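Counting starts at 1 for both ligands and their atoms, in listed order. Predicted model, so just to flag it, every value in this text is computed and none were measured.
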Amino acid sequence: MPLPAKAPETEGGAGALPRHVAIIMDGNGRWAKQRFLPRIAGHRAGVEAVRRVTRAARTLGIEALTLYAFSSENWRRPDEEIGDLMGLLRIFIRSDLDEMVRENVRLRVIGNYHRFSADIVAMVDDALARTLVNDGPILVIALNYGSHAELAAAARDLAQQAIDGKIDVSAIDEAAIERQLDTSDLPPLDLMIRTSGEHRLSNFLLWQAAYAELHFAETLWPDFDEAALAEAVASFGRRQRRFGGL
Ligand code: IPE
Ligand code: IPE
Ligand code: MG
């Protein structure tokens, strides 16, 4: 049976540049622990790394950068830490939105951020609105994101459309599911990076990562910098992607 044509992911090799890079920013807590500091100090340093790395991604010419900032499982953390993370999110939007607007960055959010407190939802909505007309590099922040929840929501939406007679059940194919995902308007995911030496995806972009190249760095997220990103991108450029073919 011939397979349907897939979205044209970036070919690897020959120094190819990934169009879409996702990062699981992990290791803030361990970074703080190594310094006998409270975990919040690690998260604060993590925000600095976000600034560095988003700038570096723009300089490298990466079209879309997706950052895992808060997972749907991170609600399991103590209330105090969740509060600290929310506080940092407020500070980040307040301090960095002007630069994003100026730098023509298109901000996107994936995940169910409406579960956050009302003031954060309002801040995020304002940030999205202010960067909507931009047409430069895309910065995607994953907030209360989990792949399983995203796929369950896609299944619910498609089932409802079928019940309402808007689509035929036979029209529910891979492309139809992809259109329901939070990432439907983003380039295909080329490269997934995880810092801090952990080798798992932790419910991040499971569908989208089907053929992404994976890069695991030992570096703790607060220490991740321009050179570390460049190294991950260079490693992508040396890979040969086959997508099941030869
Ligand atoms: C990642 O760092 C940041 C978030 C999950 C928000 P961690 O807080 O998971 O740091 P470690 O894994 O405990 O070192
Ligand atoms: C993944 O890191 C989530 C984010 C980076 C936001 P975690 O630290 O939450 O993942 P696990 O619990 O080690 O799998
Ligand atoms: Mg962690």
Check this for me, if you would: do [X] and [Y] make a salt bridge, where the nitrogen-to-carboxylate-oxygen distance has to be below 4.0 angstrom?
X	Y	value
R30	E198	yes
D119	R90	yes
D84	R44	no
R130	D98	yes
R179	E174	no
R76	E73	no
E103	R55	no

Ligand 1 contacted by S196 (non-hydrogen, < 4.0 Å)
no

Does even one non-hydrogen atom of R39 get within less than 4.0 Å of ligand 1?
yes

Examine the proximity of ligand 1 to [X] and report which part, side chain or backbone, both or neither, has a heavy atom under 4.0 Å away.
X	answer
A69	backbone
L220	neither
H43	side chain

Considering distance alone, does some N or O of R30 sit under 3.5 Å from an N or O of ligand 1?
yes

Give a yes or no on whether the ring-centroid distance for F70 and F116 is below 6.0 angstrom.
yes

Of R77, E73, M25, which has the heavy atom at the shortest distance from atom 5 (C) of ligand 1?
R77

What protein heavy atom sits nearest [atom], and how far away is it?
atom	value
atom 13 (O) of ligand 2	R200 NH2, 2.8 Å
atom 14 (O) of ligand 2	S202 OG, 2.6 Å
atom 2 (O) of ligand 2	R194 NH2, 3.6 Å

In ligand 2, the atoms that come under 4.0 Å of a heavy atom of N74 are 3 (C), 6 (C), 9 (O)

Indicate yes or no: does an N/O atom of D26 lie under 3.5 Å from an N/O atom of ligand 2?
yes

Based purely on interatomic distance, does Y68 place a nitrogen or oxygen under 3.5 Å from a nitrogen or oxygen of ligand 2?
no

Protein contact for atom 9 (O) of ligand 2 (heavy atom, distance under 4.0 Å)
yes

Worked verdict on R108 versus D182 for salt bridge (charged side-chain N to carboxylate O under 4.0 Å, His left out):
CA-CA 10 Å; R108 297 277 184 279; D182 294 359; over 6 Å; no

Measuring from the Mg ion (ligand 3), count protein N/O/S atoms under 2.8 Å, please.
1

Do any N or O atoms from the side chain of R106 and from the backbone of A64 form a donor-acceptor pair under 3.5 angstrom?
no

Scan the side chains in residues 224-232 for donor-acceptor partners under 3.5 Å anywhere in the protein, sequence neighbours excluded, and list what turns up.
unit_1 : atom_1 : unit_2 : atom_2 : d
D225   : OD1    : A227   : N      : 3.2
D225   : OD1    : A228   : N      : 3.0

Heavy atom under 4.0 Å from ligand 2: found in F70's side chain, backbone, both, or neither?
backbone

Compute both the distance and the angle, then confirm whether R77 meets the cation-pi test with W75: under 6.0 Å from the six-membered ring centre, within 45 degrees of the axis.
no

Working for side-chain contact (heavy atoms from CB on, under 4.5 Å), residues N112 and S72:
CA-CA 8 Å; N112 184 13; S72 50; over 6 Å; no

